[in-house]
Amino acid sequence: MENIDDLKAFLLVARTGSFTKAAAQIGVSQSALSYTVRMLEQRLDIKLLERTTRSVSTTAAGEALRQKIEPLLLGIDEALNDLNAAKGALGGTIRINGNEHSLRYVLKDKLLRFSAEHPEVTLEAIAENRFSDIIGERFDMGIRLGANVTKDMIAVKVSGDLIMQTAASPDYLAAHGTPKTPFDLSRHSPLAYRLPTLENLMMWEFRDPKRKQDKHVKIQPDGGFISNNNDLLIAMAKQGKGLVWLPQDVLAQSIADGTLVGVLDNWAMNYGAYYLYYPSRRADSALFQAVVAALRETD
């Protein structure tokens, strides 16, 4: 009978693709973790991992083992967590993946409150401005705009609508004029956001107020400054270097203190709400139910 901790060690290495990363996550040395997995392979008399100088991957046998034991070990963890919940105390780990906006601006207060109320729960929130495969990358939950949630997931609304805003400094508008429609932006300097996945520039989208809701105007920014950091884009806008196009809540403080002025508000694009999503097989977990209740949008 194999030690469950040794099997979990193997799964963590398989999940991260690295002995170094896996060892860092559980607080042991890379050599100690490598020894644990090597001893497991010797006892099973089969090679589970392919090791190279750059990465680690499962062998065919290792992947077959991973697929069989991962849900079993997950079930054991959830059963223990539910047992604790029945005694009035939640426990366990939840890994959530979302973009920076959803975690920093939309759900931060809810996550802080949940963590304070349940200190025995390990809450890991990873911000990535790309689409992640939560199953393949071993996350428990993901956060996306509703239109991007796959149909085979349970989805729970956790925010109001994401509304975009265009803004510039008062000095910039005094020097260059105020755009009345998105088509006027060709005479202005958009401050562009570089997307992480394909490294293309984020398209600016606007909703025509005089036409149907699904009629959108798309503008490709072509300005003199590009960044993948919202704070830097806002700072450049405050210096009068051009216009920014970002979510309303990201710009709210700058609009409120007058360092930026909103423009084209009647053309503002609405992308709908964020949703928390996760596999249906996790729906009965007491820990999942507690996280969902804490993050759910109450309107």
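Keep in mind that this is a model prediction, so the values were computed, not measured. Numbers for residues simply follow the sequence, beginning at 1.
Between Val292 and Leu276 the shortest side-chain heavy-atom distance falls below 4.5 Å. Under the 4.5 Å side-chain criterion, counting only non-hydrogen atoms from C-beta, Asn97 is in contact with Glu128. Taking the side chain as every heavy atom from C-beta outward, Lys241 and Phe225 never approach each other to under 4.5 Å. Under the 4.5 Å side-chain criterion, counting only non-hydrogen atoms from C-beta, Leu112 is in contact with Lys108. Pro190 places none of its side-chain heavy atoms less than 4.5 Å from the side chain of Val244. Taking the side chain as every heavy atom from C-beta outward, Val217 and Phe183 approach each other to under 4.5 Å. Within the 4.5 Å cutoff, the side chain of Leu185 has heavy atoms near those of the Trp204 side chain. When side chains are defined from C-beta on, Asp140 does not count as touching Ile96, because their heavy atoms never get closer than 4.5 Å.
Contact between Ala168 and Gly242 at its shortest, heavy atoms only, is CB-O, 4.0 Å. Across every non-hydrogen atom of Lys157 and Ser159, the tightest pair is CE-O, 3.1 Å. Of all the heavy atoms in Glu205 and Met269, the pair that sits closest is O-CB, 3.3 Å. When every heavy atom of Gly272 is checked against every heavy atom of Leu145, the shortest pair comes out as O-CD2, 3.8 Å. Between Pro221 and Leu201 the shortest heavy-atom distance is O-CD1, 3.6 Å. The shortest non-hydrogen separation linking Met164 to Pro247 is CE-N, 3.6 Å.
By the criterion of side-chain heavy atoms lying less than 4.5 angstrom apart, applied directly or through intervening Ile, Leu, Val, Met, Phe, Trp or Tyr residues, Leu107 is not grouped with Ile163; the two fall into different hydrophobic clusters.
Rounding to the nearest 0.5 Å gives a distance of 12.5 Å between CG of Leu162 and OH of Tyr105. Atom-to-atom distance recorded for Ile255:CD1 and Leu251:CG is 5.5 Å, nearest 0.5 angstrom. Put simply, CG on Leu295 and CG on Leu111 are 5.5 Å apart, with the number rounded to the nearest 0.5 Å. Separating the CG atom in Leu48 from the CG atom in Leu7 is a distance of 9.0 Å, to the nearest 0.5 Å. The CG atom of Asp161 sits 4.0 Å away from atom CG of Asn270, with the distance rounded to the nearest 0.5 Å. Considering CG of Asp222 and NE2 of His188, their distance stands at 14.5 Å, rounded to 0.5 Å.
Checked against Leu243 for a side chain to side chain contact (heavy atoms under 4.5 Å, CB included), the options Val263, Leu233, Leu191, Leu260 give a single hit: Val263.
Listed by chain and number, the residues in a side chain to side chain contact (heavy atoms under 4.5 Å, CB included) with Pro209 are Asn266, Trp267 (sequence neighbours excluded). The side chain to side chain contact (heavy atoms under 4.5 Å, CB included) search around Thr20 returns Ser18, Gln30, not counting sequence neighbours. Every residue meeting the side-chain hydrogen bond (donor to acceptor under 3.5 Å, both in side chains) condition with Glu50, not counting sequence neighbours, appears here in chain and number order: Lys47. With sequence neighbours left out, Lys21 forms a salt bridge (Lys or Arg N to Asp or Glu O under 4.0 Å) with no residue at all. Residues passing the side-chain hydrogen bond (donor to acceptor under 3.5 Å, both in side chains) test with Glu63 are Thr58, Arg66, Gln67, sequence neighbours excluded. Residues satisfying the side-chain hydrogen bond (donor to acceptor under 3.5 Å, both in side chains) test with Asn99, not counting sequence neighbours, are Ser102, Tyr274. For Asp5, the salt bridge (Lys or Arg N to Asp or Glu O under 4.0 Å) criterion is met by no residue, not counting sequence neighbours. For the side-chain hydrogen bond (donor to acceptor under 3.5 Å, both in side chains) test, residues two or more places apart in sequence or in another chain that qualify with Tyr277 are Arg144. Residues passing the salt bridge (Lys or Arg N to Asp or Glu O under 4.0 Å) test with Lys238, sequence neighbours excluded: none. Looking at residues two or more places apart in sequence or on another chain, you find a salt bridge (Lys or Arg N to Asp or Glu O under 4.0 Å) between Arg51 and Glu41.
Evaluation of the salt bridge (charged side-chain N to carboxylate O under 4.0 Å, His left out) test over residues 162-191, restricted to residues two or more places apart or in two chains, returns Asp184-Arg187. Judged as a ring pair (Phe, Tyr, Trp, His ring centres under 6.0 Å), not a single pair has a partner in residues 3-35 (not counting sequence neighbours).
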Next on the checklist: Go through it in stages, so that I can follow the logic: the residues are Asp6 and Arg43, the test is side-chain contact (heavy atoms from CB on, under 4.5 Å), and I'd like the CA-CA distance, side-chain angles, deciding distance and then a yes or no.
Outcome noted: CA-CA 11 Å; Asp6 291 351; Arg43 292 195 300 273; 2.8 Å; yes
Next on the checklist: Let's go through Glu124 and Ile94 carefully: what are the C-alpha distance in whole Å and the side-chain angles of both, what is the deciding distance for side-chain contact (heavy atoms from CB on, under 4.5 Å) to 0.1 Å, and is it a yes or a no?
Outcome noted: CA-CA 6 Å; Glu124 182 175 351; Ile94 287 287; over 6 Å; no
Next on the checklist: Before you tell me yes or no, could you show the steps for Glu297 and Lys110 under salt bridge (Lys or Arg N to Asp or Glu O under 4.0 Å), namely the whole-Å CA-CA distance, both residues' side-chain angles and the distance that decides it to 0.1 Å?
Outcome noted: CA-CA 10 Å; Glu297 175 70 6; Lys110 292 180 179 180; 3.7 Å; yes
Checklist entry - How far apart are the C-alpha atoms of Gln165 and Leu246, what are their side-chain angles, what is the distance that settles it, and do they pass the side-chain contact (heavy atoms from CB on, under 4.5 Å) test? => result CA-CA 6 Å; Gln165 184 164 37; Leu246 293 169; over 6 Å; no
Next on the checklist: For Thr259 and Asp257: C-alpha separation, side-chain torsions, deciding distance, then whether side-chain hydrogen bond (donor to acceptor under 3.5 Å, both in side chains) applies.
Outcome noted: CA-CA 6 Å; Thr259 53; Asp257 64 25; 2.6 Å; yes
Next on the checklist: Evaluate Val121 against Phe114 for side-chain contact (heavy atoms from CB on, under 4.5 Å), listing each step before the verdict.
Outcome noted: CA-CA 9 Å; Val121 174; Phe114 179 87; 4.0 Å; yes
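At a cut-off of 3.5 Å, with distance as the only test, no side-chain donor of Tyr172 or Gln239 sits close to an acceptor on the other residue.
Between Phe206 and Trp245, the angle of the ring planes lies from 30° to 60°, which puts this pair in the tilted group.
The backbone N or O of Leu12 sits less than 3.5 Å from a side-chain atom of Thr16, completing a donor-acceptor pair.
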